[in-house]
Amino acid sequence: FIWSKRGGAKADGEGGGDATAGSDASKQTLISEPRTTVTIDKAAPTTKQTAPSAEASASSRSATSSGSGSAPTSTAPPLTGSAALMARMRKSGAVTGEKRASDPASIAAEAAAKTDAAAAKQANAPNGSNGKKDASDESTSFGSDPNSRLFFLYGGEASTQIARDLAEKAAANGLSPKLVAMDDFKRCELDTKPAVAVFVVETIENAQPAEAAGTCLRFHNRQRKAGNSGLLAGKLRYAVLGLGDTNLLLDRQTTTAKDCNQAAQTLDSALNFLGGERMCRRGEANDAVGLEEAVEPWSEKLWAPLSKAVDAIGASTSAHGSSDAPEVKFLFGSQTGNAAEICKEMAAEAPRKGFSNVHCNAMNEVDVKDVLKPGNLIVYVVSSTGDGDAPDNCDSFFTKLKRVAKKEAGTCGVGVQYTVLGLGDQNYSAFMTVPRSFTMAMEKAGAKAFYPRGEADETLGLYEYCENWQENLWEPLRAASDRAPALAKDPTGGVVPVEKPATPVEKPATPASAPAAASTESADLVGVPALPACRTAVTWRTDAVTLATYPVGSDSSVPPSGADHFTHEEPYLAKVAKCEVMTNLESDRRVLHVEFDTGGAKGLDFEPGDSVGVLPTNDAATVDALTSRLGLDPAAVFELVWAEGQAPSADCGAPLRHVRCPASVKDALTHAVDVTSQPRKSLL
């Protein structure tokens with residue numbers, strides 16, 4: 001299965017400012033001459049750089065290092081703009097690992113930068129503050145709002161001035177940004193409080209981040225590798241601007257502008273995976289053709305989404321304060337596993353879309369009263385089984401829902417917002433009976449649909465339809481989430497638009513001129529669903545316990561409980577009386593004629609059209625090979641409990657009820673786990 005693609009390997013011009021103006025960066029074969037020559041006297045004293053890089057002066061400056069008098073010196077041509085910044089970056093300790101000799105021009109530039117920063121701080125300081133900076137606050141603030149959550153973070157020498165320029169423009173647009181070094185990113189609390197952040201990050205030699213950006217980039221990359229996909233969900237809105245120079249790469253003949261912005265690409269991809277909401281396409285500037293060629297156009301496209309994002313976090317903070325985000329419940333009813341797989345995939349994707357309070361359960365694991373609380377957001381994914389029957393893991397919930405909707409019609413579900421995705425096969429006469437019944441029951445209870453019901457037909461492509469339906473789900477769900485707090489306080493006061501029922505969701509056609517891969521601009525993997533949250537935890541038992549009986553069921557004439565009929569919880573263990581292969585042995589299909597001896601079971605009568613459930617046993621050799629490969633002791637005994645934060649209610653019972661505990665590893669893998677069927681996409 002080939003389903004991976006490096007974001008930097010595409011040839012569709014992804015990322016702002018990647019290609020040079022009027023040229024193909026990948027075809028460049030000439031290396032530009034050095035912009036300046038600096039002679040460093042080895043005997044000259046060195047000084048450690050302690051301040052951000054100096055602002056580039058528009059006037060001519062010489063780049064000279066003098067020694068004791070005997071060392072040769074040279075005077076470089078005057079440098080201005082980005083050339084001066086990048087020249088200093090090439091000679092910084094972040095690139096070479098050496099401490100630089102301080103030439104008079106550099107010292108003067110540093111002093112001028114400090115003076116400018118102090119003047120800016122004084123000009124923007126509130127009355128009475130005299131521009132004094134708190135010892136605990138090392139960031140530079142623009143504007144009058146000390147509680148602003150808008151940050152411009154810089155990593156590298158050249159990025160310092162560009163980030164400052166952007167912050168000053170933001171202040172001129174009425175915003176109150178804070179200028180923060182990426183080394184100090186943790187003070188911004190991006191993973192705990194709503195924030196808007198613009199990262200300006202340099203890539204230096206051989207695709208490495210500038211020293212000042214390394215801490216921030218490594219932190220978010222570690223969180224990404226740990227799978228913390230919801231870390232920044234609903235909290236961070238961000239943009240990334242990359243600065244680099246193709247002349248700093250080892251292989252200049254085959255590299256492109258994208259290759260010199262590897263640090264920005266890595267950071268952008270990590271923030272997006274962790275749930276951050278990207279405000280605009282990543283910018284990538286190449287000093288080989290001039291930083292301003294990409295920085296200016298990118299910044300012009302930044303201001304509108306930036307202002308919108310700042311307004312959004314302000315409204316979110318004032319509306320919700322410190323209260324929890326509305327809970328989104330993804331509930332499934334699944335007989336063969338398709339509905340469960342699709343529902344879990346949507347629940348795993350939700351944190352990436354900004355929903356931080358998400359739970360996913362089989363319907364029988366939750367209580368109807370908890371589901372019908374005002375302010376709740378419900379996404380049902382359910383199929384029909386048999387002759388229009390509800391699946392086994394949602395049948396009791398469905399019965400209770402219909403009962404309470406009939407008893408408390410129009411009142412018990414007021415303030416609840418929901419949608420339904422139905423799965424079925426139109427070859428059956430009871431097509432979509434259960435999903436449509438869910439819609440009727442919820443409407444009768446007084447709940448309102450925030451998104452039209454979907455009806456996925458297996459004969460037309462089940463997963464293709466569901467993917468299209470899911471793509472269009474998030475915006476209506478976000479709007480419903482915004483209404484949820486008001487509905488929780490006043491169920492009858494909120495206005496919920498009534499959606500039209502069951503209209504097929506069509507995926508918009510992709511224009512012929514638009515490459516299909518353009519939507520995956522920074523993704524490392526294409527077509528890979530988000531990893532579902534682990535709902536269960538294994539507790540190993542070392543004490544003497546009585547193991548659960550496997551296989552489940554009995555071969556006695558009546559169920560062990562004394563019930564008058566056998567069920568899926570208490571099945572009759574019938575012997576196989578006859579088994580014949582009905583298909584040609586060379587066929588790719590295998591059909592068996594099987595006869596079961598049910599003569600010893602009381603009241604177990606079958607008629608044509610009835611269903612029969614089969615509880616198979618996995619091959620012993622397969623189970624032994626699997627336990628060996630996993631490094632497990634077949635005789636080890638365990639129990640299953642809910643993982644932290646995953647239990648739908650305090651009295652919901654144990655998870656995965658088909659795994660009867662306490663159980664040995666061998667019994668569970670032999671009787672309770674499907675180890676031979678085709679793996680689903682989320683497992684891969």
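- With 3.5 Å as the limit, one finds no donor-acceptor pair spanning the side chains of Thr539 and Glu639.
- Taking CG of Asn173 as the start and CH2 of Trp303 as the end, the distance is 6.0 Å to the nearest 0.5 Å.
- Looking at heavy atoms from C-beta onward, Asn393 lies in side-chain contact with Ser334 at the 4.5 angstrom threshold.
- Between Pro560 and Glu570, the closest heavy-atom pair is CD-OE2, 3.9 Å.
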May I have the step-by-step check of side-chain contact (heavy atoms from CB on, under 4.5 Å) for Met346 and Leu421, ending in yes or no?
-> CA-CA 11 Å; Met346 283 195 288; Leu421 174 60; 4.2 Å; yes

Report the C-alpha distance between Gln335 and Asp392 in whole Å, list the side-chain angles of each, state the deciding distance to 0.1 Å, and finish with yes or no for side chain to side chain donor-acceptor pair (under 3.5 Å).
-> CA-CA 6 Å; Gln335 191 69 21; Asp392 291 340; 3.1 Å; yes

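- Atom CZ of Phe431 and atom CZ of Arg436 lie 6.0 Å apart (nearest 0.5 Å).
- Side-chain N/O atoms of Ser269 and Asn272 include no donor and acceptor closer than 3.5 Å.
- In this structure, Val659 and Ala668 approach most closely via the heavy-atom pair CG1-CB, 4.4 Å.
- The side-chain tip of Lys402 points at the ring of Phe398 from less than 6.0 angstrom away and within 45° of straight on.
- A distance-only check finds a donor-acceptor pair linking the side chain of Asp457 to the backbone of Gln426 [under 3.5 Å].
- With respect to Lys329 and Glu327, a salt bridge is recorded, a charged nitrogen being found less than 4.0 Å from a carboxylate O.
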Between Val379 and Leu331, is a side-chain contact (heavy atoms from CB on, under 4.5 Å) present by the stated rule, with each step listed?
-> CA-CA 6 Å; Val379 179; Leu331 304 178; over 6 Å; no

Dump the intermediate steps for side-chain contact (heavy atoms from CB on, under 4.5 Å) on Arg149 and Val196, then the final yes or no.
-> CA-CA 6 Å; Arg149 297 287 298 159; Val196 177; over 6 Å; no

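- Closest heavy-atom contact between Ala239 and Leu302: CB-CD1, 4.0 Å.
- Here the side chains of Leu477 and Phe450 are in contact, with some heavy-atom distance below 4.5 Å.
- At least one donor-acceptor pair under 3.5 Å links the side chain of Tyr238 to the backbone N or O of Asp268.
- Ring centroids of Phe185 and His220 are separated by less than 6.0 Å, placing the two rings close together.
- Between the CZ atom in Arg660 and the OH atom in Tyr550 there is a gap of 6.5 Å [rounded to 0.5 Å].
- If you run side chain to side chain contact (heavy atoms under 4.5 Å, CB included) between Pro391 and each of Thr336, Val382, Asn364, only Val382 comes through.
- In this structure, the separation between CE on Met442 and CG on Leu372 is 5.5 Å, given to the nearest 0.5 Å.
- In summary, Glu277 and Lys353 do not engage in a salt bridge, as defined by a charged side-chain N under 4.0 Å from a carboxylate O.
- Using a distance-only test at 3.5 Å, with no hydrogens or angles considered, no donor-acceptor pair links the side chain of Ser356 to the main chain of Ala233.
- Closest heavy-atom contact between Leu656 and Leu640: CD1-CD1, 3.9 Å.
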Step by step, would you call Glu189 with Arg187 a salt bridge (Lys or Arg N to Asp or Glu O under 4.0 Å)?
-> CA-CA 5 Å; Glu189 299 178 292; Arg187 292 196 298 110; over 6 Å; no

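- Within the 4.5 Å cutoff, no side-chain heavy atoms of Arg282 are placed close to those of Phe199.
- Residues Val371 and Phe397 have side chains in contact (heavy-atom distance under 4.5 Å, counting atoms from C-beta outward).
- Checked by atom type and distance alone, the side chain of Thr411 pairs as donor or acceptor with a backbone atom of Glu408 at under 3.5 Å.
- Residues Phe330 and Lys344 have side chains not in contact (no heavy-atom distance under 4.5 Å, counting atoms from C-beta outward).
- Between Pro177 and Ser148 the shortest side-chain heavy-atom distance does not fall below 4.5 Å.
- You'll find the side chain of Ser481 reaches within 4.5 Å of the side chain of Phe355, heavy atoms only.
- Contact detail for Cys412 and Val404: the closest heavy-atom pair is SG-O, 3.7 Å.
- Side-chain contact between Pro435 and Val420 is present, with heavy atoms from C-beta onward closer than 4.5 Å.
- Minimum heavy-atom separation, Cys188 to Leu153: SG-CD2, 4.1 Å.
- Taking the charged nitrogens against the carboxylate oxygens, Lys235 and Asp191 have no contact shorter than 4.0 Å, which rules out a salt bridge.
- Listed for the Gln417 side chain is a donor-acceptor partner under 3.5 Å among the backbone atoms of Ala480.
- Using modelled atom types and a 3.5 Å distance limit, the side chains of Glu443 and Tyr418 yield a donor-acceptor pair.
- The CZ atom of Phe332 lies 12.5 Å from the CG atom of Asn338; values are rounded to the nearest 0.5 Å.
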For Val198 and Leu306, what are the C-alpha separation, side-chain angles and deciding distance, and is it a side-chain contact (heavy atoms from CB on, under 4.5 Å)?
-> CA-CA 9 Å; Val198 178; Leu306 181 68; 4.1 Å; yes

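- In this structure, CZ on Phe152 lies 13.5 Å from NZ on Lys178, to the nearest 0.5 angstrom.
- In summary, the side chains of Tyr451 and Asn472 do not present any donor paired with an acceptor at a separation below 3.5 Å, with no hydrogens or angles considered.
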